[in-house]
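Here is the structure we will look at, set down as structure tokens.
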Amino acid sequence: MKKMIIILGSLVVIIGIALFGAGMYFYNVAIAINDKDFLAAEPSKKDDPWKTQKEWYQSAPREKRSITSDDGLKLNALYIPAVEPSKKTVILAHGYGGNYEQMSPYAKLFHDWGYNVLAPDARGHGTSEGSYIGFGWHERKDYLKWIDLMITETGSATELALFGVSMGGATVMMTSGEELPANVKVIVEDCGYSSVTDELVYQLKDMYNLPSFPLIPVTSVVTKLKAGYSFGEASAVEQLKKNKTPMLFIHGDKDLFVPTEMVYENYEATTAPKELYIVKGAGHAEAYVKDKKGYEKEIHDFVSAYIKE
């Protein structure tokens with residue numbers, strides 16, 4: 001009997017070590033800052049649909065802004081003032097593994113409409129400090145600081161729009177559930193996920209053909225220990241239930257990275273004024289390039305209903 005208990009105990013220890021090792025592996029794949037080989041490469045210059053926007057972005061009068069996060073990280077952003085003094089400002093949020101240099105199409109879009117543009121690098125991305133990806137959860141608190149900075153700089157009468165794509169879409173949705181100042185008039189999210197758990201369960205199945213249990217719970221524990229948050233708390237849906245800000249939801253109907261059904265769950269979660277724009281034939285973060293005129297019109301019409309020209 002004693003021998004059996006020792007054997008069983010040893011098996012439990014071995015299984016526990018193996019599971020923790022698996023959790024560490026998937027933490028390093030998904031959460032830790034490192035090269036993400038599974039991300040799509042940037043389009044070549046020859047077939048880049050945003051060549052004009054990128055050239056403008058590089059030549060625009062750039063200024064730097066920075067904040068210190070609640071946990072002591074220096075976070076940096078690119079600021080492009082409007083051509084004429086303006087009380088309208090958009091704060092952009094880039095995607096997973098990206099940086100503010102990738103936001104040129106959206107920066108130019110709003111700048112052409114007379115907006116000041118603030119494009120932060122998320123924690124752990126680009127020029128900002130950080131050793132892990134917050135998937136929008138820690139970033140939501142960072143965005144409260146960016147909002148306060150823009151109100152301080154541009155005045156108490158400033159009107160703010162939040163715009164995010166992919167993880168940035170999840171970031172602005174998660175931000176929407178916080179107590180926002182009245183200056184935040186409208187939010188636009190493009191292809192954000194419903195929750196970190198849902199997205200990682202989907203990716204685990206898609207990339208590795210593995211079930212969510214026990215890997216997702218174990219990796220969540222590792223993430224809590226190393227990054228300070230668990231997957232269960234990082235939910236756009238739960239934040240949207242508290243949202244009071246008008247929101248436009250955008251998604252491609254061929255999205256295989258953040259499955260299209262997630263946008264319907266996000267859309268249904270909020271009772272604030274809202275619209276849903278589904279782009280036919282668009283994969284992940286492809287809505288703008290697939291339907292440029294329609295994309296611009298949908299955003300312009302929705303945003304201008306809450307921030308006047």
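Reckoned from all heavy atoms, side chains included, excluding hydrogens, waters and symmetry mates.
Using a 30° and 60° split on the angle between ring planes, His138 and Tyr229 fall in the perpendicular class, above 60°. Using cut-offs of 30° and 60° on the angle between ring planes, the pair Tyr288 and Trp50 is tilted. Between His125 and Tyr96, the two ring planes are perpendicular [angle over 60°; tilted spans 30° to 60°].
We find that Lys141 and Asp71 are not joined by a salt bridge, their nearest charged nitrogen and carboxylate oxygen being 4.0 Å or further apart.
Lys185 and Ala182 get closest at one heavy-atom pair: NZ-O, 3.2 Å. Contact between Ala30 and Ile133 at its shortest, heavy atoms only, is O-CD1, 3.9 Å. The minimum heavy-atom distance between Asp253 and Gly281, with the atom names listed, is OD1-N, 2.6 Å. Across Phe302 and Leu248, no two heavy atoms sit closer than the pair CE2-N, 3.4 Å. Between Ala157 and Lys87 the shortest heavy-atom distance is O-CB, 4.3 Å.
Counting only residues at least two apart or on different chains, the side-chain hydrogen bond (donor to acceptor under 3.5 Å, both in side chains) pairs with a member in residues 273-282 are Tyr277-Asp291. Pairs engaging residues 259-268 under the side-chain hydrogen bond (donor to acceptor under 3.5 Å, both in side chains) rule: none recorded [sequence neighbours left out].
In this structure, OG on Ser128 lies 5.0 Å from CG on Asn76, to the nearest 0.5 angstrom. Note that the CD1 atom of Ile67 and the NZ atom of Lys145 stand 6.5 Å from one another [nearest 0.5 Å].
In this structure Asn183 satisfies the side-chain contact (heavy atoms from CB on, under 4.5 Å) test together with Ile151, Thr158, Leu160, Pro181, sequence neighbours excluded. Remark: Glu55 pairs with Lys51 by the side-chain contact (heavy atoms from CB on, under 4.5 Å) rule, at least two apart or across chains. Considering only residues two or more places apart in sequence or on other chains, Lys226 meets the salt bridge (charged side-chain N to carboxylate O under 4.0 Å, His left out) condition with none of them.
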Please report, to 0.1 Å, the donor-acceptor pairs under 3.5 Å made by any side chain of residues 165-178, with sequence neighbours excluded.
residue	atom	partner	partner atom	Å
Ser166	OG	His284	NE2	2.7
Thr171	OG1	Met167	O	2.9
Thr175	OG1	Thr171	O	2.7
Ser176	OG	Met173	O	2.5
Glu178	OE2	Arg140	NE	2.9
Glu178	OE2	Gln239	NE2	2.8

Test Ser195 against Val237 for side-chain contact (heavy atoms from CB on, under 4.5 Å), laying out the working first. CA-CA 7 Å; Ser195 71; Val237 167; 5.9 Å; no
Set out, in order, the CA-CA distance, both residues' side-chain angles and the distance that settles side-chain contact (heavy atoms from CB on, under 4.5 Å) for Val289 and Tyr295, then state yes or no. CA-CA 9 Å; Val289 73; Tyr295 191 94; over 6 Å; no
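For Lys290, the NZ atom is loosely surrounded, since the number of other residues' heavy atoms within 6.0 Å does not exceed 12. Annotation: Lys297, atom NZ; neighbour count of heavy atoms from other residues, nucleotides and ligands within 6.0 Å does not exceed 12. Other residues, nucleotides and ligands contribute more than 12 heavy atoms inside 6.0 Å of the CD atom of Gln58.
Under the 4.5 Å side-chain heavy-atom criterion for ILVMFWY residues, a single connected hydrophobic cluster contains both Phe135 and Tyr25. Following chains of ILVMFWY side-chain contacts shorter than 4.5 Å, one cannot reach Tyr306 starting from Leu180, and the two form parts of different hydrophobic clusters.
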